[in-house]
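First up is the structure itself, then whatever we jot down about it.
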Amino acid sequence: QLVESGGGLVQAGDSLRLSCVASGRPFSTYGVGWFRQAPGKEREFVCAVAWIGGITSCADSVKGRFTVSRDNAKNAGYLLMDSLKPEDTAVYYCAARLGGDALSSDSYYSSWGQGTQVTVSS
């Protein structure tokens with residue numbers, strides 16, 4: 001089970017850190033992806049971190065602003081979002097896959113959290 005937290009209402013230029021806490025199997029064995037879905041739009045890939053090797057990837061739209069990380073000791077993954085823009089407004093989801101790489105396809109991931117709302121005002 002995955003539970004996201006850390007969303008909220010912020011102004012453009014602000015930062016937020018989203019957390020994804022896992023229960024059940026050791027989180028260290030999972031690749032973790034972050035996705036978002038804005039109203040009326042399809043869910044899109046944001047960032048991901050592989051289960052091993054510290055390999056990460058992010059969508060071009062957030063590169064240089066968002067940072068994905070994990071803390072296996074805390075069974076948690078994080079998405080640090082800096083320089084937020086109004087177009088970053090969406091529900092953000094974390095997803096996981098056992099032994100997963102840092103891939104961008106949502107169909108790759110087998111477990112999903114319930115989502116956390118991020119709203120960026122201009």
Side-chain angles (χ1 to χ4, degrees):
Q1 182 179 1
L2 302 175
V3 178
E4 303 98 333
S5 62
L9 172 63
V10 297
Q11 293 186 334
D14 287 349
S15 299
L16 277 177
R17 189 180 79 159
L18 305 184
S19 299
C20 174
V21 178
S23 59
R25 294 186 179 183
F27 199 57
S28 60
T29 60
Y30 283 80
V32 180
W34 289 91
F35 295 80
R36 66 186 181 186
Q37 187 166 20
K41 296 186 177 181
E42 293 187 353
R43 185 164 58 191
E44 65 174 0
F45 170 73
V46 179
C47 291
V49 54
W51 79 280
I52 196 171
I55 298 170
T56 62
S57 66
C58 286
D60 289 343
S61 59
V62 305
K63 279 181 181 177
R65 300 189 298 121
F66 290 13
T67 304
V68 62
S69 63
R70 63 190 303 149
D71 186 337
N72 291 334
K74 296 183 177 180
N75 251 26
Y78 303 101
L79 183 68
L80 175 61
M81 306 183 294
D82 293 322
S83 302
L84 283 162
K85 304 175 181 180
E87 51 263 43
D88 294 319
T89 295
V91 177
Y92 283 71
Y93 300 88
C94 70
R97 177 187 172 104
L98 183 64
D101 295 319
L103 299 187
S104 61
S105 172
D106 59 358
S107 62
Y108 180 75
Y109 296 89
S110 55
S111 300
W112 289 81
Q114 82 291 348
T116 185
Q117 177 71 46
V118 171
T119 303
V120 185
S121 63
S122 57

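Taking the charged nitrogens against the carboxylate oxygens, Asp60 and Lys63 do have a contact shorter than 4.0 Å, which makes a salt bridge.
With rounding to the nearest 0.5 angstrom, the CZ atom of Arg70 is 10.0 Å from the SG atom of Cys20. From Asp71, atom CG reaches atom OG of Ser28 across 11.0 Å, with rounding to the nearest 0.5 Å. Interatomic distance, Asp14 CG to Met81 CE, rounded to the nearest 0.5 Å: 11.0 Å. With rounding to the nearest 0.5 Å, the separation of CG in Leu79 from SG in Cys58 is 7.0 Å. Ser5 OG to Arg17 CZ: the interatomic distance, rounded to the nearest 0.5 Å, is 8.5 Å.
Of all non-hydrogen atoms in Leu16 and Leu84, the two that sit nearest each other are N-CD1, 3.9 Å. When all heavy atoms are compared, the tightest approach of Ser122 to Ala12 is CA-CB, 4.4 Å. Contact record, Leu103 with Ala48: O-CB, 3.8 Å, taken as the closest heavy-atom pair. Heavy-atom minimum distance, Asp101 versus Tyr108: N-OH, 2.9 Å. In this structure, Gln117 and Val91 approach most closely via the heavy-atom pair OE1-CG2, 3.2 Å. Across all non-hydrogen atoms, the minimal contact from Ala90 to Ala38 is CB-N, 3.8 Å.
Each of Tyr78 and Val49 belongs to its own hydrophobic cluster when Ile, Leu, Val, Met, Phe, Trp and Tyr are linked at side-chain heavy-atom distances under 4.5 angstrom. Val32 and Leu18 fall within the same hydrophobic cluster, defined by Ile, Leu, Val, Met, Phe, Trp and Tyr side-chain heavy atoms under 4.5 Å apart, directly or through other members. Placement of Val62 and Phe45 in two distinct hydrophobic clusters is found when ILVMFWY residues are connected by side-chain heavy-atom separations under 4.5 Å, directly or transitively. Hydrophobic clustering keeps Tyr93 apart from Val118 (ILVMFWY residues linked when any side-chain heavy atoms are closer than 4.5 Å, directly or through intermediates).
Gln1 CD: 12 or fewer foreign heavy atoms inside a 6.0 Å radius.
Of the possible polar contacts, one joining the Ser121 side chain to the Val10 backbone as a donor-acceptor pair under 3.5 Å is found. Under the 3.5 Å distance criterion, the side-chain polar atoms of Asn75 are matched with a main-chain donor or acceptor of Ala22. In terms of modelled atom types and a separation under 3.5 Å, the side chain of Thr56 and the main chain of Val68 share no donor-acceptor contact. Between the Thr116 side chain and the Tyr92 main chain, no donor and acceptor come within less than 3.5 Å of each other.
The only member of Glu42, Glu4, Glu44 that meets salt bridge (charged side-chain N to carboxylate O under 4.0 Å, His left out) when paired with Arg36 is Glu44.
Classification of the Trp112-Tyr109 ring pair by plane angle, with boundaries at 30° and 60°, yields perpendicular.
With a 4.5 Å cut-off on side-chain heavy atoms, Phe66 and Asp88 count as touching.
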